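Since the structure comes first, as structure tokens, the remarks are kept for the end.
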Amino acid sequence: MTDTVSRRSALRLLGGAIAVATAATSGLTPPAHALDRPEAGAGPRVEGLIGKLTLDEKISLLHGATDPDPLGQAGYIPGVQRLGIPPLRLADGPAGVRVTKHATALPAPVLLASAFDPDLARRYGQVIGREGRALGQDVLLSPMVNLIRTPYAGRNFETFSEDPLLASDMVAAEIGGIQGEHLIATVKHFAMNNQEKDRDSIDVRVDEQTMHELELRGFEAAVGAGTGAVMGAYNKVNGTFSCENKTLLTDVLREQWGFEGWVMTDWFAAHSTVKAIAAGLDMEMPDGTYFGTALKTAVKNRSVPERHVDRAVRRVLAVMDRFGLLDGSAPPRPERDAPAGAAVALEVAKAGATLLRNEHRTLPLAPGGTVAVIGPTGTLPFVSGGGSAHVIPDHADSPLEAIKSRAGKVTYALGEDLFGKAIPASALSPAFAGEGIQVGAGKTWTYDGTLTASEADQWTFVIHYSAAPTLRPKVLLDGEDLFPLAPGYGEYFSGGLISADPDGLSVRRKTLSLTKGAHRLQITAQGGDAGQLFRLRRITGATRAQDVAEAAKAARAARDVVLFAYEDATEGLDRTTVALPGNQTKLIEAVTAANPRTTVVLNTSSSTSMPWLRRTGAVLQMYYPGQEGAAATAAVLFGESDPGGRLTQSFPADDDHHPVAGDPRRYPGVDGVEEYSEGIHGGYRWYDAEGVRPLFPFGFGLSYTSFSYEDLRARRTRRGLEVSFTVRNTGRREGVDVPQVYVGPSPELRLDQAVRVLGGYRRVALRAGERRRIVVEVAARTLSSWDPKRHDWVLGTGRRTVWVGASSRDLRLRTNVEVGT
Ligand code: BGC
């Protein structure tokens with residue numbers, strides 16, 4: 001098989017089984033002619049257009065431009081009107097369509113994946129696909145399928161899992177849903193974009209086996225599902241930027257996988273013209289620094305052959321043709337169906353809700369009981385994370401109200417102050433109205449005075465301001481600039497929810513130890529073109545203690561407590577600890593001491609350490625649950641819905657025990673280089689290989705009922721393994737379970753292998769007492785390892801152990817099966 005079409009069909013026919021690429025075509029050095037070959041699938045219409053396009057017109061299709069009629073999307077390609085090539089509008093993102101209009105804010109993808117339900121992922125994609133087209137978009141910059149490698153990564157909420165099989169299933173199903181609605185999907189960020197720290201420059205050093213067995217599998221699945229576009233990542237891989245990395249963009253993507261769509265850069269991730277287009281990059285976004293005039297010059301001076309430009313144009317047009325954008329056969333843009341979007345958002349949030357602890361029948365809560373709701377995100381709903389995945393929701397209800405509608409008496413205490421309290425006038429000399437300085441347009445307001453601290457204390461200074469970041473008020477304390485502007489693009493990313501106050505003003509915080517006595521305070525606030533409103537507030541040890549005391553008092557007076565805890569993640573930033581931010585650990589300790597029937601609801605991006613776990617009654621992981629999060633959370637808390645989610649990532653016990661702990665070369669990198677030296681042992685594979693106990697293992701999650709597994713059988717089939725077993729609901733109510741199949745290593749392969757890997761799973765809803773026979777197919781791919789010498793997959797033959805369990809650490813049934821060739 002030497003051409004792209006036949007390789008691709010072969011992969012499709014095998015349906016995820018072992019790739020049968022020959023040594024010549026599966027290696028990392030493809031034949032020289034491969035780069036120049038016309039793409040398969042580009043029909044006469046596309047070829048005809050390429051023949052008519054001028055060089056300028058071709059180049060205009062290969063880089064972003066300013067949209068004359070912007071809808072708030074991330075990118076725009078103008079099209080060529082005279083030839084009937086329409087413009088393309090490209091919008092984020094992973095949890096809903098990000099434009100300036102309202103859209104369904106779906107739960108974060110990590111919550112979707114927690115449901116372990118590819119069909120739900122397809123319907124999630126369908127909602128985004130329809131809304132994207134309804135909102136004037138042609139290309140969706142989603143899904144993100146980078147694996148969760150480090151618990152610190154700022155985008156863990158935007159992606160699916162640490163496990164490549166689950167991630168692959170999710171991405172393929174979601175792309176099917178998106179593209180079934182005629183919106184072009186873009187799988188991102190290719191590849192190894194597993195952290196935000198230094199994402200623009202970090203050089204990921206990773207061996208071929210690790211890359212293929214872990215991170216690349218999701219991308220390959222996306223190609224198998226027919227994704228129209230791929231977005232290159234910011235980072236380097238093995239010394240070369242992803243967006244000009246021939247190994248990734250041509251050898252793997254085109255030659256090994258047969259990708260026929262186009263590759264665009266992440267935003268401002270291009271680094272060259274000649275090298276990038278030769279390596280296989282097709283489109284620069286969002287502007288034309290390298291693929292605009294520079295590309296034209298390079299063609300003119302023959303450093304880029306025009307056929308490389310044609311090749312890139314062909315790839316873009318071929319996808320447009322496939323989606324009916326060139327001949328007008330694309331269906332008309334639909335209307336948004338907001339109620340249908342909301343229904344899916346609610347279903348996903350309920351389905352992914354992951355119950356991590358439930359002692360003394362703390363949950364479900366009894367309808368009509370007394371409940372104390374605690375925490376800032378109890379009233380200010382945590383809908384979605386920050387950065388490009390943030391969507392303008394149709395609505396965002398308060399969890400407090402959703403609980404009130406079900407409980408008898410409900411009280412509320414803040415517990416943790418996010419926005420600060422007014423600085424008493426007595427502490428400022430001269431006094432000023434820190435609660436509201438209105439600076440007129442074109443005016444500058446200044447203050448130079450003294451702030452007096454009555455005792456040595458931790459102060460958090462909080463500014464609220466209405467102007468753009470560049471006009472952020474300058475606050476100097478004893479000469480130190482408390483809120484310096486981050487250079488350039490970094491300023492864009494400032495946290496998801498809590499970087500704006502309920503009035504919509506931007507918020508920044510700075511915590512420092514203040515000595516007792518007088519401190520010089522200087523402020524300069526500018527009105528800019530439109531004027532600005534500015535506030536200076538503070539949180540001190542005393543106000544923190546007061547907030548915690550009031551929360552404990554409310555907890556003591558109620559039968560049950562629901563404490564909402566948060567972590568505010570965004571792209572562009574990694575967190576520095578797996579502990580909850582702010583004063584939340586102290587808050588949880590005080591509240592659980594006052595009332596052990598406390599349920600902690602986690603609105604976090606990723607894993608969290610829980611030194612307070614044993615003091616709680618229950619812990620419910622809701623991640624960022626989208627616009628229907630309040631209703632979904634309340635439905636699970638009150639038992640209207642069984643928490644059917646399972647962890648898609650291992651939760652470490654602390655900062656010292658996880659796959660990237662203790663070795664800065666592994667994370668966050670040293671001198672710009674990061675080594676994936678854990679090799680193929682990422683995620684739960686690392687915990688198993690090292691014998692480290694996670695706080696909660698991959699696949700873990702409780703139900704309100706209980707399940708047993710029996711009668712395990714495994715047999716070899718042509719496609720892999722068929723594993724069957726019986727699941728029984730042994731409790732007294734209906735519920736949802738996700739039994740998981742794990743497979744042990746092959747005794748015959750001389751390659752590094754994991755202790756066990758996820759081979760399959762099934763989400764199943766059973767009535768009390770009901771039993772069901774489950775059949776799970778384990779694909780040959782899962783039974784195979786990537787052989788770096790052959791540059792190909794090899795089947796792991798011999799006697800292999802098969803387990804069925806309720807998590808990667810709760811393996812209840814076991815058998816062996818002979819895997820032959
Ligand atoms: C992100 C991408 C996103 C793009 C456009 C980048 O900063 O990394 O995921 O699609 O911006 O908004």
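Values reported hereafter were calculated over all heavy atoms of this structure, with side chains retained and with hydrogens, waters and symmetry mates removed. Just so it is clear, the model here is predicted, and its values are computed rather than measured. When a ligand or atom number is given, it counts from 1 through the structure's own listing order.
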| Flag for Thr577-Asp655: side-chain donor and acceptor within less than 3.5 Å | yes

| query | Measuring from the heavy atoms of Arg199, does anything fall under 4.0 Å of ligand 1? | reply | yes

| query | Using a heavy-atom cut-off of under 4.0 Å, does the side chain or the backbone of Glu196 touch ligand 1, or both, or neither? | reply | neither

| note | So the atoms of ligand 1 within less than 4.0 Å of a heavy atom of Lys188 turn out to be 2 (C), 3 (C), 9 (O), 10 (O)

| By number and element, which atoms of ligand 1 are closer than 4.0 Å to a non-hydrogen atom of Glu571? | 1 (C), 6 (C), 7 (O), 8 (O)

| message | Show me which atoms of ligand 1 lie under 4.0 Å from any heavy atom of Leu141. | response | 10 (O)

| Is ligand 1 less than 4.0 angstrom away from at least one heavy atom of Phe268? | no

| remark: Shortest non-hydrogen pair, Arg155 vs Lys188, comes out as NH2-NZ, 4.1 Å

| task | For this output row, return yes or no: ring centroids of Tyr624 and His390 closer than 6.0 angstrom. | result | no

| said: Tell me whether Trp267 has any N or O atom under 3.5 angstrom from an N or O of ligand 1. | reply: no

| request: Give a yes or no answer on whether the side chain of Asp92 reaches the backbone of Ala389 with a donor-acceptor pair at less than 3.5 Å. | output: no

| Between Ser272 and Glu244, is any side-chain donor less than 3.5 angstrom from a side-chain acceptor? | yes

| Between His189 and ligand 1, which part of the residue brings a heavy atom under 4.0 Å of the ligand: side chain, backbone, both or neither? | side chain

| request: Kindly indicate whether the side chain of Arg205, heavy atoms from C-beta on, has any atom under 4.5 Å from the side chain of Asn238. | output: yes

| Lys/Arg-Asp/Glu bridge criterion (N-O < 4.0 Å) met for Arg217, Glu220 | no

| said: Counting only heavy atoms closer than 4.0 Å, does ligand 1 sit against the backbone of Met231, its side chain, both, or neither? | reply: side chain

| field | Proximity to ligand 1 by part of Arg155, non-hydrogen separation under 4.0 Å | value | side chain

| remark: Contact region, Arg98 to ligand 1, non-hydrogen atoms below 4.0 Å, reads neither

| Side chains of Thr104 and Arg336: do they bring a donor and an acceptor to under 3.5 Å? | yes

| Just which atoms of ligand 1 are under 4.0 Å from any heavy atom in Ala74? | 5 (C), 12 (O)

